[in-house]
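Hydrogens, waters and symmetry mates are skipped; everything else that's a heavy atom, side chains included, is used. We number each residue from 1, following the sequence as shown.
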Amino acid sequence: MTTDAMEDDGRRRQLSKCLDLLSPGRKDEEKFVGLLMIPKLVNPETDKDAFRMCFEHMDWNFVDRLLTSEGTEEMPGDTLKGLALNIIQVFGSEADFRNRPELTSRIPSLAKLLDSRDMSEFKRPVMECLYFFADSEEGATQLQDLDTLRRIYSAMSDGPEDASVVAFHLFEQLYRTVHSRGEFFNDANTAFREGFLDMIATTFATVDTHLKFECGRLLMEIFADHDLKPMNGPVSNWALELRKGIMTILTSKIGSQQRDMALMLSSALCRQYGARWILQGPGNSKGKAREGSAVDLSPAQTATILIHLAGGELRLLLDDAPTSEIPDPASRACQIVPICAEIVETLIRGLIGESEEASVSLPLETVESIRQSLHETMESVRAYLIDVQIHCDYVKNVHSLDTLVTASCLRLLATWLAEDDTMSTKEIRQVVPVLVSAGRIRLECLNLHPIQFLGPALLNITADPAIRDAFISSGGCRMLIDVWSSQSGPSPFSLSIVGTLLNVVATKDEVVKSDDQIVRSLDLFGRDVEGLDPAAKTTTDEDLQLVAHYVAYALIVCRSLSPNQLKGAQHLAKGIIDVSAKFLLRGLELEGGKSKAGWEELKELWLISCSAFTACTRPIPKDHEIRRLESVQALQKLSQKSGILDPEAREALGHWHELFLAK
């Protein structure tokens, strides 16, 4: 046997004796001797088998006693706890052991060491030890216990800076492990998720060191990993704490990188909570604000700061953004314009829109300041889009509009046009061409068709005759009909499409005679209303509103058809009259019902439809099959009764009855 082999054999025998000293039947003094000898006999880096033997022979009940011992004069408690920590730390540094229950089951006891003032010097080693376990499946499960997490958070928020940094990285690694299992945003994990976010957001709000920006970076990673969807109900406390930290950054003289981060976080929270995140009162902070940390601002102050900063940033970026080339996706404009536009759009909906989010009462001077900022921002957006349209016309490529900067501006302007009426007719007419051009394509950069957000704006602005004419001359009607025909049936934006077309034909019926595309749209009417029966009790109020627009539009188009166009649409006449009669009957049913809300919503369109229905049915010969339709017969019988309470409806239906029978 060689000398090296003899030495190895001797070390093995010595190791066996030391491990025997660790067995449960041995005295604690003997265990201490064994623990002192093992490091001299085993190198964890080079002798993995021996290291594993040590792990398997360790008396873990003894380790538990060390963790909880008060100690003696000869062996103080902090010394014993430090020894236990060292044992767990040594084994925890080996990836193979991090999922073993012998270690992970002791995570709660290890975290309790953070509570002891006597163990303050051990906070960083405890954090480093727990960090190992955050990278393991079973360790991460144990660390999700909220009591354990709060102890770590305490070390992060109140501990020395070195321990705070390690504690933060522990939180960071814990998130990544839980996220990799697809569990962070699970409904079953709500308590952990809310607690986790609350701790990170409160740290972000209350510290004034580099740790603030580390927390912000982690929150941005979390938001980027998940599809943030609008949420109803109260704003979470962590989101309000995050608002406080964001406002601290935005009101400080700080670099553009940190300001961009604050704006990005604001954009994500606006997407999730809408204007409620901005306009809800201050939250209940659970953290202790450090010297230099700002207090939570009022809703008025928050809204003012965000609208001025986001709007100002947007104006500066658009002034420098070239309109004759596609912006570099990595450019600051492509990154920041969309988030600033989203913030401004959220504030428009909250402060100007008719929603519950606008219920906050703001001082008059605040409202005027916000309005002024919005007008300046919209003027920059409008000027940018006009230049983009000029370039689009020059290159004869409508797809040049499909950039993130242009799409964000279109969306923001559309929100403004749908909610506000202070932009002049002349100013709106100048942007109509770009709105129509955008409606001709799908915006791949947003992965949606722009009519989804352009629709409400077009519906609002085309009520003005001058804007309506600009819309017609820009090919707006054809654009809408093309979009309508591309759908397989009623869609979320059908109401905006048909409503806008109704604005056009109701006030300028000669457009029907000059555009056969509008006549073609009657086929689309027949396709869509096939599954929407206005007489059915199961038809929802939303569907009934859609039917009301469809019916009014189809009847006005039919009323305005030239003789030649009318011949081409004869095959549709029966279906249009039948659906229209059913709608008129359903409206009268609502008018005579206990609840008048449904009738008031439909009344204007009902009266328009009744007038057009009179014009369309009066020329029908008495022996025509349309007159024998069950719906028309029912409407005729009802028109002879005097039970209709609404005077306008009674007069309109009576007028139809008189003219219809006279023929």
Task: Result of checking V381, I336, I343 against L314 for side chain to side chain contact (heavy atoms under 4.5 Å, CB included) - done: V381
TODO: Assess the side chains of S562 and Q565: does a donor N or O sit below 3.5 Å from an acceptor N or O?
DONE: yes
Open item on the list: Pairing donors with acceptors under 3.5 angstrom, does anything connect the side chains of R382 and Q430?
Closed with: yes
Open item on the list: For a side chain to side chain contact (heavy atoms under 4.5 Å, CB included) check, start with the C-alpha distance between I441 and L443, then their side-chain angles and the critical distance, and finish with the verdict.
Closed with: CA-CA 6 Å; I441 61 171; L443 293 174; 4.1 Å; yes
Open item on the list: Main chain of S424, side chain of E427: is a donor-acceptor contact present, judged purely on distance under 3.5 Å?
Closed with: yes
Task: Donor-acceptor pair, side chain of S486 and main chain of V483, under 3.5 angstrom - done: yes
Open item on the list: One pair to check against salt bridge (Lys or Arg N to Asp or Glu O under 4.0 Å): D515 and R478. What are the steps and the verdict?
Closed with: CA-CA 9 Å; D515 192 346; R478 294 195 174 198; 3.5 Å; yes
Open item on the list: Strictly below 4.0 Å, N to O, side chains only: are D646 and K603 in salt-bridge contact?
Closed with: yes
- [ ] Could you tell me whether R440 and D482 have a side-chain N and a carboxylate O separated by less than 4.0 Å?
- [x] no
TODO: Kindly determine whether V551 and V547 satisfy side chain to side chain contact (heavy atoms under 4.5 Å, CB included), including the steps that lead there.
DONE: CA-CA 6 Å; V551 167; V547 171; 3.9 Å; yes
Open item on the list: Checking side-chain hydrogen bond (donor to acceptor under 3.5 Å, both in side chains) between R468 and each of T500, T462, T507, which is the one that passes?
Closed with: T507
TODO: Taking W606 for its side chain and L584 for its backbone only, find out whether a donor-acceptor pair lies under 3.5 Å.
DONE: yes
TODO: Report the distance from atom CG of L413 to atom OG1 of T377, rounding to the nearest 0.5 Å.
DONE: 12.0 Å
Open item on the list: Check this for me, if you would: do E368 and R371 make a salt bridge, where the nitrogen-to-carboxylate-oxygen distance has to be below 4.0 angstrom?
Closed with: no
- [ ] Just do the side chain to side chain contact (heavy atoms under 4.5 Å, CB included) check on S236 and E194 with the steps written out, would you?
- [x] CA-CA 8 Å; S236 296; E194 291 294 306; 3.2 Å; yes
Task: side chain to side chain contact (heavy atoms under 4.5 Å, CB included) partner of L524, the single match among I481, V529, V498 - done: I481
Task: Residues R429, D469: salt bridge by 4.0 Å N-O rule - done: no
Open item on the list: Under a 4.0 Å threshold between the charged nitrogen and the carboxylate oxygen, would D578 count as salt-bridged to K574?
Closed with: no
Open item on the list: Angle between ring planes, F525 versus Y550, binned at 30° and 60°: parallel, tilted or perpendicular?
Closed with: perpendicular
TODO: Working to the nearest 0.5 Å, report the span between CD1 of I556 and CZ of F613.
DONE: 14.0 Å
